[in-house]
2 protein chains.
Amino acid sequence: MPWEKQFDHDAALSKAMGAFWAQGYDATSMQDLVECMGINRGSLYATFGDKRSLFIEALRRYDSVYREDWIAAVIAANSPRAAIETAFDQVISAVVDAGSSDGCLLVNTALELSPHDAEISEIVDHGLAEMESFFRDMIDQGQDADEIPAHVDPVDTARGLLGLFIGLRVLSRSRPEEPLLRSVAAQAAALLR
Amino acid sequence: MPWEKQFDHDAALSKAMGAFWAQGYDATSMQDLVECMGINRGSLYATFGDKRSLFIEALRRYDSVYREDWIAAVIAANSPRAAIETAFDQVISAVVDAGSSDGCLLVNTALELSPHDAEISEIVDHGLAEMESFFRDMIDQGQDADEIPAHVDPVDTARGLLGLFIGLRVLSRSRPEEPLLRSVAAQAAALLR
DNA sequence: CCCTGTTTTGACTGTTCGTTCCAAACTCAC
DNA sequence: GTGAGTTTGGAACGAACAGTCAAAACAGGG
């Protein structure tokens, strides 16, 4: 048998994800991807198919790492109520401490591609629906633990938190100013009172 | 003196605005614009300059009509507290009644172009800042009129409403489902209690 | 009715896009 | 070593892109 792949599939996919995250789908050319992924044009097509397939794989990876794994970690380290507040705080920390003002790939994609691409829309919608479920679950559990008042409506409030979270992500890409972001997070906490 | 222009400048600009609104900047080609504006390629360049200049003019028009004029109309017809609630309701009505699921051009642009274009970012930031001011002014006036409780912090709450409003606009483009949108609007009202 | 100057028109430019392809370089089994 | 099969780099493809240009169509003033 001949040799195996010389480049790291996952590492290359992460690089592609980063490029799409920072610049968007349309604005990222295959030439950009060839350069930033560090692999050859031919290898890129042989491994990932066309540009759209590569994007979908990158989007799925983002959803897995930055939504699924991230939520699991936030839940594991916090009480229900603190998990919600920590979720907002970590988004702000990413902007303020790490200076990453690229927002959220799911949200960016929701605006750029969801309206005109059903398959991509499905991935985005599922990710956002899971975020909503996370908020709802935390509210339910927080109420069981007497951390969150009983008059808070789990469904409405979870959706409100989703809206605020998306707004925070948009603002962190276009107006990444700490006081503004802090105020938005403070209002998320206010919805739980 | 020879003749004047045969086409209607404002009408053509509105058509261009609509195309950018529905499809985004990158995804709208000059050919699309030529067809939807109903004028010739050369006339387009002679009248509006290049694509970016046309977009900026369309964005300014959007900001003027769908933000400035719209806010003024909402204020004129409502008490301060009702103005805030009406603003959210009208966004939902546009989706549910008129079926317009293109979101908000300012928000769409905030994600697509603001991070990499200073002049466009300035227009978007100003529009969003004015939205924030609208919410803050309504809260101030609502408190003077005893419509909104005194414990509501005008600055924080205005920013929270801005975040919710942006989230609502994103969701109305990617998941235009009435119950979801209604819940988000309900949480906006909850911030004023 | 022709002259003047602007607008309209559609063909045309050079560039960049996503994608394909092939020969050379290379690694492993034999 | 040698042969088999993969990766590699770069050239090349048609299509689509933003932008240009010169000639035709036109309305008014003389």
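Protein chains get the first letters and strands the later ones, always in sequence-line order, with residue 1 at the start of each. The analysis underlying the following values was restricted to heavy atoms, covering all of them including side chains, and did not include hydrogens, waters or symmetry mates.
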Worksheet item: Nearest 0.5 Å, what's the CD-CD1 distance between B/E147 and B/I139?
Response: 12.0 Å
Worksheet entry | Distance in angstrom units between A/L54 CG and C/dT19 C1', rounded | 14 Å
Worksheet, complete the sentence: Quick note, side-chain hydrogen bond (donor to acceptor under 3.5 Å, both in side chains) partners involving residues 183-193 of chain B, not counting sequence neighbours, are A/D156-B/S183, A/R159-B/S183
Worksheet item: For the pair made of CE in A/M37 and P in D/dT8, what is the distance, rounded to whole Å?
Response: 12 Å
Worksheet item: So, is the end of the A/K51 side chain (NZ or CZ) under 6.0 Å from the ring centre of A/Y25 and within 45° of the ring's axis?
Response: yes
Worksheet item: How close or far is atom P of C/dG18 from atom CZ of A/F55, stated in whole angstroms?
Response: 13 Å
Discussion item. Checking side-chain polar atoms at under 3.5 Å, does A/S53 have a donor or acceptor matched by the opposite partner on A/D50?
Written reply: yes
Worksheet item: To the nearest Å, how far apart are B/I39 CD1 and C/dT8 P?
Response: 8 Å
For nucleotides 14-17 of chain C, tabulate all protein N/O to nucleotide N/O atom pairs closer than 3.5 Å, reporting atom names and distance.
none

Worksheet item: Looking just at side-chain N and O atoms, do B/H9 and B/E57 make a donor-acceptor pair shorter than 3.5 Å?
Response: yes
Worksheet item: Are A/E85 and A/R81 ion-paired here, with the side-chain N under 4.0 Å from a carboxylate O?
Response: yes
Worksheet entry | d(OH, B/Y25; P, D/dC17) in whole Å | 13 Å
Item to complete: Give the rounded distance in Å between these two atoms: CZ of A/F48 and C1' of D/dT7.
Response: 14 Å
Worksheet item: Going by atom types only, do A/Q31 and A/R41 share a side-chain donor-acceptor pair under 3.5 Å?
Response: yes
Worksheet item: Just how far, in rounded Å, is P of D/dA18 from CG of B/L44?
Response: 11 Å
Discussion item. Taking the basic N atoms (NZ, or NE/NH1/NH2) and the acidic carboxylate oxygens, is any pair closer than 4.0 Å for B/R175 and A/E132?
Written reply: yes
Polar-atom pairs under 3.5 Å, protein N or O versus N or O of nucleotides 10-12 of chain C: list them with distances, or write none.
{"unit_1": "C/dG10", "atom_1": "N7", "unit_2": "B/N40", "atom_2": "OD1", "d": "3.2"}
{"unit_1": "C/dG10", "atom_1": "N7", "unit_2": "B/N40", "atom_2": "ND2", "d": "3.4"}

